[in-house]
Amino acid sequence: MRLKGNTILVTGGGSGIGRGLAEALHAEGNQVVISGRRMAVLEQTAAANPGMKAEALDIASGESIQRFAALVKQKYPALNVVIHNAGIMRPEALAKGEVADAEAIITTNLLGPIRLTAALLPWLVAKPEAAIMTVSSGLAFVPLSMTPTYCATKAAIHSYTQSLRYQLRETPVQVIELIPPYVQTELMGPGQAKDPNAMPLKEFIAETMQILKQSPGITEICVERVLRLRQAEANGNYDAFFKQFNEWAAASHVEL
């Protein structure tokens, strides 16, 4: 993925990792379009970055995605990069037998990127140079038991990304997976943004951008702090690590 001269869409671009990526890519000389449900937040982000654009998108709505895809094709004909960042994360007590949160998480985190990719892919494959970046999580590889559906959707995004990359191997579309660790954002509330156990957002964005600059053809972006999760199974100690990881999370009362 080249880092200059693109027109880039970042879903969930008004806060957290999405905003960090949008601002870093904007600073590199790209036209960046951020989207999300909270238009006031998007407009504040765009105003802080002159030239950045903001468009409303409800990633959980198939109809909204279709309208949005038609809009961006008309307003931003040079669009050639899509970053699927929008997502939600909620704790679940599975013994309660409730599924409302699980359904919302699946619709937003998994169906959303699939639907938006389907709506834009015929457009992107016609570009001479294009890219799709999905955002999974280290929790795709070692799940956090308190957020089971979130972890499952991120594992599904990892699998989907691999298949998408293979199917598009003879097209101009590069498919990249960004695999974040636990980062200081408000994904699970204000406590996460202040948690010293989480990677500072600025450090995560800086390391991510450095990886992209050094390895423009990369398929997976893994900062150093996520490798213990990404490589847990390959290292042959998965069961012990899974138990240790989840016991640590429960004992530390981290506001994830």
Side-chain angles (χ1 to χ4, degrees), residues 1-36 42 45-55 57 69 72-73 75-87 113 116-117 120-121 123-138 157-158 161-162 164-166 168-181 183-185 199-227 230:
M1 173 180 165
R2 69 172 191 250
L3 286 186
K4 299 181 185 295
N6 301 292
T7 298
I8 303 174
L9 167 65
V10 183
T11 68
S15 61
I17 290 174
R19 177 170 181 167
L21 286 172
E23 291 181 334
L25 291 165
H26 177 73
E28 290 289 334
N30 298 286
Q31 170 66 75
V32 176
V33 182
I34 55 174
S35 70
L42 296 173
T45 300
N49 298 274
M52 188 179 290
K53 306 297 182 181
E55 302 290 348
L57 168 63
V72 296
K73 289 174 187 177
K75 290 185 68 173
Y76 310 102
L79 178 70
N80 67 319
V81 178
V82 176
I83 299 178
H84 291 294
N85 169 77
L116 186 56
T117 296
L120 293 177
L121 196 51
W123 174 266
L124 292 174
V125 295
K127 302 291 182 180
E129 194 171 1
I132 295 173
M133 181 186 291
T134 60
V135 180
S136 61
S137 169
I157 285 293
H158 170 67
T161 303
Q162 290 182 307
L164 180 66
R165 183 182 299 118
Y166 188 80
L168 298 182
R169 66 194 184 280
E170 296 181 359
T171 75
V173 183
Q174 181 184 357
V175 179
I176 308 164
E177 180 180 358
L178 174 61
I179 307 176
V183 177
Q184 288 179 345
T185 71
M199 185 176 188
L201 178 60
K202 287 185 178 180
E203 291 182 14
F204 171 72
I205 296 298
E207 190 173 344
T208 295
M209 293 298 293
Q210 187 62 29
I211 291 170
L212 275 172
K213 289 176 181 179
Q214 292 177 344
S215 305
I218 200 166
T219 57
E220 288 187 4
I221 301 173
C222 294
V223 300
E224 187 69 26
R225 285 180 66 156
V226 83
L227 292 178
R230 179 65 181 92

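Basis for what follows: all heavy atoms, side chains included, without hydrogens, waters or symmetry-related copies.
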Any side-chain heavy-atom pair of [X] and [Y] under 4.5 Å:
{"X": "Pro180", "Y": "Val226", "result": "no"}
{"X": "Val82", "Y": "Thr117", "result": "no"}
{"X": "His84", "Y": "Ile132", "result": "yes"}
{"X": "Glu129", "Y": "Val81", "result": "no"}

Spatial distance of atom [atom1] ([X]) from atom [atom2] ([Y]) [nearest 0.5 Å]:
{"X": "Leu120", "Y": "Leu79", "atom1": "CG", "atom2": "CG", "answer": "6.5 Å"}
{"X": "Ile221", "Y": "Gln210", "atom1": "CD1", "atom2": "CD", "answer": "12.0 Å"}
{"X": "Asn80", "Y": "Ile8", "atom1": "CG", "atom2": "CD1", "answer": "7.0 Å"}
{"X": "Leu164", "Y": "Leu121", "atom1": "CG", "atom2": "CG", "answer": "6.5 Å"}
{"X": "Leu116", "Y": "Leu9", "atom1": "CG", "atom2": "CG", "answer": "6.5 Å"}
{"X": "Leu227", "Y": "Arg225", "atom1": "CG", "atom2": "CZ", "answer": "12.0 Å"}

Ignoring hydrogens and angles, tell me if any N or O in the side chain of [X] forms a donor-acceptor pair with the backbone of [Y] under 3.5 Å.
{"X": "Ser215", "Y": "Leu212", "result": "no"}
{"X": "Arg165", "Y": "Leu168", "result": "no"}
{"X": "Thr185", "Y": "Gly16", "result": "no"}

All side-chain hydrogen bond (donor to acceptor under 3.5 Å, both in side chains) counterparts of Ser35, not counting sequence neighbours =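 For Ser35, no residue satisfies side-chain hydrogen bond (donor to acceptor under 3.5 Å, both in side chains) once neighbours in sequence are set aside.
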query = Among all residues two or more places apart in sequence or in another chain, which pass the salt bridge (charged side-chain N to carboxylate O under 4.0 Å, His left out) test with Arg230?
reply =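 Only Glu220 meet the salt bridge (charged side-chain N to carboxylate O under 4.0 Å, His left out) criterion with Arg230.
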task = Provide the closest heavy-atom pair for Leu21 versus Ile83 in the form atom of the first, atom of the second, distance.
result =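 Closest approach of Leu21 to Ile83: CD1-CG2, 4.2 Å.
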N/O donor-acceptor pairs under 3.5 Å from side chains in residues 199-209, not counting sequence neighbours:
| unit_1 | atom_1 | unit_2 | atom_2 | d |
| --- | --- | --- | --- | --- |
| Glu207 | OE2 | Glu224 | N | 2.8 |
| Thr208 | OG1 | Phe204 | O | 2.9 |

request  = Check step by step if side-chain contact (heavy atoms from CB on, under 4.5 Å) holds for Thr45 and Met52.
outcome  = CA-CA 8 Å; Thr45 300; Met52 188 179 290; 4.0 Å; yes
ask   = With Glu55, which residues qualify under side-chain contact (heavy atoms from CB on, under 4.5 Å), at least two apart?
value =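 In terms of side-chain contact (heavy atoms from CB on, under 4.5 Å), with neighbours along the sequence ignored, Glu55 is linked to Val33, Phe68, Leu71, Lys75, Tyr76.
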query = Which residues pass the side-chain contact (heavy atoms from CB on, under 4.5 Å) test with Leu42, sequence neighbours left out?
reply =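 With sequence neighbours excluded, Leu42 shows a side-chain contact (heavy atoms from CB on, under 4.5 Å) to Ile34, Met39, Ala54, given in chain and number order.
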query = Restricting to pairs with a member in residues 20-31, which pass side chain to side chain donor-acceptor pair (under 3.5 Å), not counting sequence neighbours?
reply =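 The answer is Lys4-Glu28, Asn6-Asn30, Arg19-Glu23, Glu23-Asn49, Glu28-Lys213.
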request  = Using only heavy-atom distances, determine whether the side chains of Ser136 and Glu177 contain a donor-acceptor pair under 3.5 Å.
outcome  =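 Yes.
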task = Could you go through the side-chain contact (heavy atoms from CB on, under 4.5 Å) check for Ile176 and Thr134 one step at a time?
result = CA-CA 6 Å; Ile176 308 164; Thr134 60; over 6 Å; no
ask   = Is the NZ atom of Lys127 crowded by more than 12 outside heavy atoms at less than 6.0 Å?
value =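 Atom NZ in Lys127 is crowded, with more than 12 foreign heavy atoms closer than 6.0 Å.
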